[in-house]
Amino acid sequence: MSAKLIYNGTILTMNAANQIFQKGYVYIEHDVIVEVGAWSPDDRLDRLKSQADYRYDAAGKVVIPGIVNGHTHLFQTFMRGVSDHSPLAQWLKEIIWPMSLAMEPEDFYLAALIGCIENLKSGATYIMDHHYIHTFPENDAGVLRAMADSGIRGHLARGGSDMSGEVRLRETEEQIFGGTDRLLDEWEGAASGRISIALGPLNLYGCSRGYLERAAVFSRDRKLITHVHVAETSEQIENTMARYGLRNLELLNEVGLLGSQTQVVHGVWLDDGELELIRDKGASVIHCPVSNMYLASGVARVPAMQRMGINVALGTDGPGSNNCQDNLEVLKFTACLHKVNELDATLLPPMDVLRMATVNGSKAVGRSADLGSLEPGKKADVVTVDMMKAHISPVHRASSALVYNANGNDVDLVIVGGQVVVEHGRCTQVDEREILQRAQARVDTLRAKLAGSYPIFALID
């Protein structure tokens, strides 16, 4: 039997009662949590300690369930910081599309592997990657291989667009749905069950109505999550209004794509009626506050969504519009954005934000039964964060320290399915330095290739 014991730390269980053990323990057998409770050494707990193969003294640390990063684009690690002053449409045309078209299959593996490392090291044990670049048949497999190699739980939403603004990124319906079926056959449940596949229509202005209607049937027949950008900017609303006489969410509902397995990504420009549709259909919203600020897209109505009982989870979005994937940093941005937007300091207390990152995230990906909290019977996805830092300590409330003080560099231990994948802040499954060096060499080559046609890639500080 493989057993692990994390003890002596502050345990934020994130269970229904938000139970906290100021000095507690988590006992794991194989890939499942067996016990969670208060730590005060006695004969029984001493026996647990002696029989554990792996013992971790969490004194001075907070122990939380693994964070769910509800939306990202891993390939964009190759594009972070190219431009920090472009609105969405310009950013796509001048940065994302050119680099995407220049990247080769191994680039997608390297970019995704860096993204997985970054997510793990900032506390995310589960990522939903919206991958829509299919310039080579091997691209998807490269991203999925990176997830498998890193040790993270990865959900790839196979993106597709038949009306993309970049013609070379368009696909036929046969390519999109055939490619998704192949991924399901080859990758669903891979890496000891850590890999999953979802359907990811890119957005509602780059997809034809026929494609969206077929996507609704396809996802329903295969019981897949549907992950789609919705109402990210006001221009997107104008587009679907001009084309169909419908707002974004109204169109999503009319084509049959809105339901309990739908993830509405961004949802910045939703009106009252659209929020009611989301609530009534039981869909989830994936809120990406850093990206929405970075691209000046607007502020999603998260407090209103919460008051209506809508499930709101969190995402970093891709590194092209963040520019990092620091999942702990997202917590602070989430709380501060909505306080200042509504001029109400009482909004989004720390435990509410933490629930968005853990419990709500697990619900959005359909894993409430076995992820999202530290409870017996749930998968052993566990993160420890070091509080003994000058920018954190002394600590009055662990939840506040996590949301307002901590960042990804404070993550010390990450366990996914009972396997230690980050220890003392370093990934255990891959050689980080070697990967980063390879990636930098490839990015330098790509920049040189693009600089003649796109001057922004030639700019240096």
Side-chain angles (χ1 to χ4, degrees), residues 31 66 68-72 125-132 134 140-141 143-144 147-148 152-162 171 173-204 207 209-230 249 251-265 267 277-286 310-313 315 359-372 377-379 381 417:
D31 65 341
V68 176
N69 183 353
H71 178 68
T72 190
T125 55
Y126 197 123
I127 50 175
M128 174 63 79
D129 183 57
H130 196 176
H131 187 72
Y132 57 89
H134 307 289
D140 294 299
V143 174
L144 290 162
M147 294 175 178
I152 204 165
R153 290 191 194 277
H155 210 139
L156 187 140
R158 202 285 184 188
S161 170
D162 59 348
E171 297 180 283
E173 291 182 23
E174 286 66 31
Q175 289 173 314
I176 295 167
F177 296 112
T180 308
D181 269 333
R182 283 191 294 275
L183 291 177
L184 287 166
D185 290 341
E186 297 170 11
W187 284 94
E188 180 68 33
S192 302
R194 287 189 285 109
I195 303 298
S196 300
I197 305 299
L199 190 64
L202 185 55
N203 48 52
L204 299 176
C207 300
R209 183 166 185 143
Y211 163 35
L212 294 171
E213 289 172 345
R214 184 171 172 182
V217 175
F218 184 94
S219 59
R220 187 164 56 248
D221 287 349
R222 289 158 180 78
K223 298 179 173 59
L224 299 181
I225 286 172
T226 300
H227 183 89
V228 56
H229 296 94
V230 178
L249 206 284
L251 175 62
L252 193 73
N253 182 55
E254 191 162 295
V255 299
L257 266 174
L258 187 62
S260 60
Q261 288 191 286
T262 305
Q263 295 179 352
V264 175
V265 182
L277 277 172
I278 292 175
R279 178 198 61 199
D280 295 346
K281 295 287 187 175
S284 294
V285 173
I286 312 299
I310 293 170
N311 185 58
V312 182
V359 176
N360 295 10
S362 68
K363 181 177 180 180
V365 296
R367 299 290 297 270
S368 292
D370 65 345
L371 296 175
K378 292 208 169 184
K379 291 291 185 183
D381 289 10

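When a residue number appears, it is its place in the shown sequence, counting from 1. Just so you know, these numbers use all the heavy atoms, side chains as well, and skip hydrogens, waters and symmetry mates.
Legend: residues meeting side-chain hydrogen bond (donor to acceptor under 3.5 Å, both in side chains) with E254, ordered by chain and number and at least two apart, are R209. D162 pairs by the side-chain hydrogen bond (donor to acceptor under 3.5 Å, both in side chains) definition with S208, not counting sequence neighbours. Contacts of E188 classified as side-chain hydrogen bond (donor to acceptor under 3.5 Å, both in side chains), with partners at least two apart in sequence or in another chain: none. With sequence neighbours excluded, the residues satisfying salt bridge (charged side-chain N to carboxylate O under 4.0 Å, His left out) with D181 are R222. Every residue meeting the side-chain hydrogen bond (donor to acceptor under 3.5 Å, both in side chains) condition with T226, not counting sequence neighbours, appears here in chain and number order: S219. The ring pair (Phe, Tyr, Trp, His ring centres under 6.0 Å) search around F218 returns F177, not counting sequence neighbours.
Side-chain atoms of N360 come within 3.5 Å of backbone atoms of V312 as a donor-acceptor pair (strictly under, hydrogens ignored). Under the 3.5 Å distance criterion, the side-chain polar atoms of R194 are matched with a main-chain donor or acceptor of I152. Within the 3.5 Å criterion, the main-chain N or O of A364 finds a donor-acceptor partner in the side chain of Q263. The main-chain N or O of K378 is never found under 3.5 Å from a side-chain atom of D370 such that the two would form a donor-acceptor pair. Side-chain atoms of H229 do not come within 3.5 Å of backbone N or O of V265 as any donor-acceptor pair.
Between L204 and V230, the closest side-chain pair of non-hydrogen atoms falls below 4.5 Å. Taking 4.5 Å as the limit, every side-chain heavy atom of L371 sits out of range of all side-chain heavy atoms of T125. Counting only heavy atoms from C-beta outward, the side chains of S161 and Y132 never approach each other to under 4.5 Å. Taking 4.5 Å as the limit, every side-chain heavy atom of Q175 sits out of range of all side-chain heavy atoms of H134.
Of all heavy-atom pairs between C207 and G160, the closest is SG-O, 3.7 Å. Shortest non-hydrogen contact noted between S284 and N311 is OG-ND2, 2.9 Å.
The aromatic rings of H155 and Y126 sit tilted, their planes meeting at an angle between 30° and 60°.
Taken to the nearest 0.5 Å, the CG atom of L257 stands 13.0 Å off from the CZ atom of R214. Residue L258 holds its CG atom at 6.5 Å from CD1 of I278, rounded to the nearest 0.5 Å. The CZ atom of R158 sits 10.0 Å away from the NE2 atom of H130 when rounded to the nearest 0.5 Å. Expressed to the nearest 0.5 Å, how far CG of L252 lies from CG of L277 amounts to 9.5 Å. Within the model, atoms NE2 of H71 and NE2 of H227 stand 5.0 Å from one another, a figure rounded to the nearest 0.5 Å. Rounding to the nearest 0.5 Å places CD1 of I225 at 11.0 Å from CD1 of I197.
No more than 12 heavy atoms of other residues, nucleotides or ligands shown are found within 6.0 angstrom of NZ on K363.
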* To do: Take L251 and L212 through the side chain to side chain contact (heavy atoms under 4.5 Å, CB included) test and state the conclusion after the steps.
  => CA-CA 9 Å; L251 175 62; L212 294 171; 4.2 Å; yes

* Asked: Please walk me through it: do M147 and D129 pass side chain to side chain contact (heavy atoms under 4.5 Å, CB included)?
  -> CA-CA 10 Å; M147 294 175 178; D129 183 57; 3.7 Å; yes

